[in-house]
Amino acid sequence: MATKTSVIHEAAVDRAWELFCRLHDAPSCIHADQLVHWLGEDLRHVRAFDEALTLWALAGAALLGPVLEEAQHNDSDLQ
């Protein structure tokens with residue numbers, strides 16, 4: 001059963017992800033300002049943003065892992 005705190009935290013991580021993706025996919029001063037403003041509203045937003053970025057980095061590493069292994073197996077250089 002989800003607690004009220006965990007539901008609020010999940011909503012914050014979802015919002016962090018939304019703001020990050022918006023800025024990543026369409027960089028602009030407006031999108032950056034929206035993210036900075038949201039982060040400044042609550043310290044928990046900073047924690048949620050950190051979690052969203054961690055998940056993004058881990059997903060990227062998981063996707064890149066097989067590519068690197070294949071390159072090592074084929075003894076090729078990634079450039």
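Computed from heavy atoms alone, side chains included, the values below leave out hydrogens, waters and symmetry copies. In this chain, numbering begins with 1 at the start of the sequence shown.
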When rounded to the nearest 0.5 angstrom, what is the spacing between CZ in Arg47 and CG in Leu39?
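One finds 12.5 Å between CZ of Arg47 and CG of Leu39.
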Looking at CG of Leu35 and CZ of Arg15, how far apart are the two atoms once the value is rounded to the nearest 0.5 Å?
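Those atoms lie 9.0 Å apart.
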[X]-[Y] co-clustered via ILVMFWY side chain contacts under 4.5 Å:
{"X": "Val46", "Y": "Trp56", "result": "yes"}
{"X": "Trp38", "Y": "Trp17", "result": "yes"}
{"X": "Leu23", "Y": "Phe49", "result": "yes"}
{"X": "Leu53", "Y": "Leu19", "result": "yes"}

CA sep, side-chain torsions, deciding dist, call: Glu18, Arg22, salt bridge (charged side-chain N to carboxylate O under 4.0 Å, His left out)
CA-CA 6 Å; Glu18 174 188 336; Arg22 188 180 300 159; 2.7 Å; yes
With no hydrogens and no angle check, is any side-chain donor or acceptor of His31 less than 3.5 Å from a backbone partner on Ala26?
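Here the side-chain-to-backbone pair exists.
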So do the side chains of Thr54 and Asp50 get within less than 4.5 Å of each other, counting heavy atoms only?
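Answer yes - side chains close enough.
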Might you confirm whether atom CG of Leu58 has over 12 heavy atoms from other residues, nucleotides or ligands at distances under 6.0 Å?
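Yes.
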Atom of Ala52, atom of Ala16 and distance for their closest heavy-atom approach:
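Nearest heavy atoms, Ala52 then Ala16: CB-CB, 4.1 Å.
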Given Glu51 and His9, is the side-chain contact (heavy atoms from CB on, under 4.5 Å) satisfied, shown in steps?
CA-CA 10 Å; Glu51 285 187 37; His9 180 72; 2.8 Å; yes
